Amino acid sequence: LPTYDEVLVCTPNTEEEEVELIVRRALSSDSQNQKIYCLLGAEKLVYKVSKQLESHFFRLLQSSTVHDFRFLIFCSTKAHNSYVITAFDTYKATIPCCSKTEIQAYLSTHLKVPCGTAPVAQAFEEPYQHNVKFILSNRAGMGK
């Protein structure tokens, strides 16, 4: 799974520099160390930043010597009018929906805490320990 430095969560306030930085990282020679760079919610980018994403990506792709990079752009299927979806349409891969049970089974087999570590996951009393926990609250900022 990608680490925090490999993921950019996009909002309407995401700036061109942030997008350019993650594209540069993905297409640099250092990216061959199996890192997975991701843009989440790329449909939320404003038009100007979306154009810059396309421009930087294809410009750097032409000049890059890396051919086995890992760069994923996640967009909502409901965002039909997004420039990002149009610009990268030839690379589009639709992920089939899975049931909640299938997703839970996948996560429980792939997100195990390695033996001998003392992660935050030990705070939970479940028989299996995971690297990821989702904590939801109806009241924001209450010490989650």
Side-chain angles (χ1 to χ4, degrees), residues 1-121 123-124 128-144:
L1 294 173
T3 59
Y4 71 91
D5 64 325
E6 299 169 49
V7 178
L8 176 62
V9 180
C10 300
T11 68
N13 298 325
T14 302
E15 298 178 4
E16 295 174 34
E17 293 82 17
E18 295 172 292
V19 170
E20 181 182 3
L21 181 62
I22 199 159
V23 171
R24 283 186 181 281
R25 286 180 182 167
L27 298 177
S28 73
S29 58
D30 293 340
S31 68
Q32 290 179 319
N33 60 6
Q34 305 306 318
K35 289 193 171 202
I36 304 170
Y37 293 94
C38 304
L39 286 178
L40 299 179
E43 77 280 357
K44 296 175 186 170
L45 294 173
V46 295
Y47 180 77
K48 181 180 177 185
V49 176
S50 297
K51 287 285 288 182
Q52 288 300 318
L53 167 62
E54 177 189 30
S55 173
H56 290 307
F57 178 79
F58 289 109
R59 181 177 44 80
L60 291 169
L61 184 62
Q62 289 177 346
S63 63
S64 178
T65 59
V66 178
H67 299 292
D68 60 345
F69 60 90
R70 296 177 180 194
F71 183 60
L72 303 172
I73 301 173
F74 292 93
C75 294
S76 171
T77 55
K78 297 176 184 175
H80 300 291
N81 60 348
S82 169
Y83 184 83
V84 173
I85 293 173
T86 305
F88 293 93
D89 190 55
T90 57
Y91 299 99
K92 182 179 175 180
T94 303
I95 301 171
C97 286
C98 299
S99 70
K100 181 179 178 182
T101 308
E102 291 172 321
I103 293 170
Q104 287 175 334
Y106 175 84
L107 291 175
S108 68
T109 58
H110 288 83
L111 299 178
K112 297 275 185 192
V113 175
C115 284
T117 60
V120 175
F124 299 94
Y128 44 86
Q129 300 295 314
H130 298 289
N131 283 335
V132 176
K133 291 288 181 184
F134 291 98
I135 301 173
L136 305 173
S137 173
N138 292 332
R139 297 175 63 194
M142 298 305 294
K144 296 184 286 291

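Remember, it's a predicted structure, so these values are computed and weren't measured experimentally.
Ring geometry for Y91 versus F57: interplanar angle over 60°, hence perpendicular rather than tilted (30 to 60°).
Note that CG of L21 is 10.5 Å distant from NE2 of H56, once rounded to the nearest 0.5 Å. Between C75 atom SG and L40 atom CG the span is 10.0 Å, to the nearest 0.5 Å. Rounding to the nearest 0.5 Å gives a distance of 12.5 Å between CD of E15 and CD of Q52.
Residues satisfying the salt bridge (Lys or Arg N to Asp or Glu O under 4.0 Å) criterion with E43, sequence neighbours excluded, are absent altogether.
Smallest separation of non-hydrogen atoms from Y83 and S50: CD2-CB, 3.7 Å. A42 approaches V84 most closely through the heavy-atom pair O-CG2, 3.6 Å. The two atoms that bring L45 and T14 nearest to each other are CD2-CB, 3.6 Å, heavy atoms only.
Put simply, the side chain of L53 reaches to within 4.5 Å of the side chain of F88, judged on heavy atoms. Contact annotation: the side chain of E16 approaches that of K48 to within less than 4.5 Å [non-hydrogen atoms, C-beta and beyond]. A heavy-atom distance below 4.5 Å is not found between the side chains of E18 and V49. Counting heavy atoms from C-beta outward, I22 and F71 have side chains that approach closer than 4.5 Å. Between L61 and F69, some side-chain heavy-atom pair lies under the 4.5 Å cut-off.
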* Asked: Given K35 and D5, is the side chain to side chain contact (heavy atoms under 4.5 Å, CB included) satisfied, shown in steps?
  -> CA-CA 10 Å; K35 289 193 171 202; D5 64 325; 3.3 Å; yes
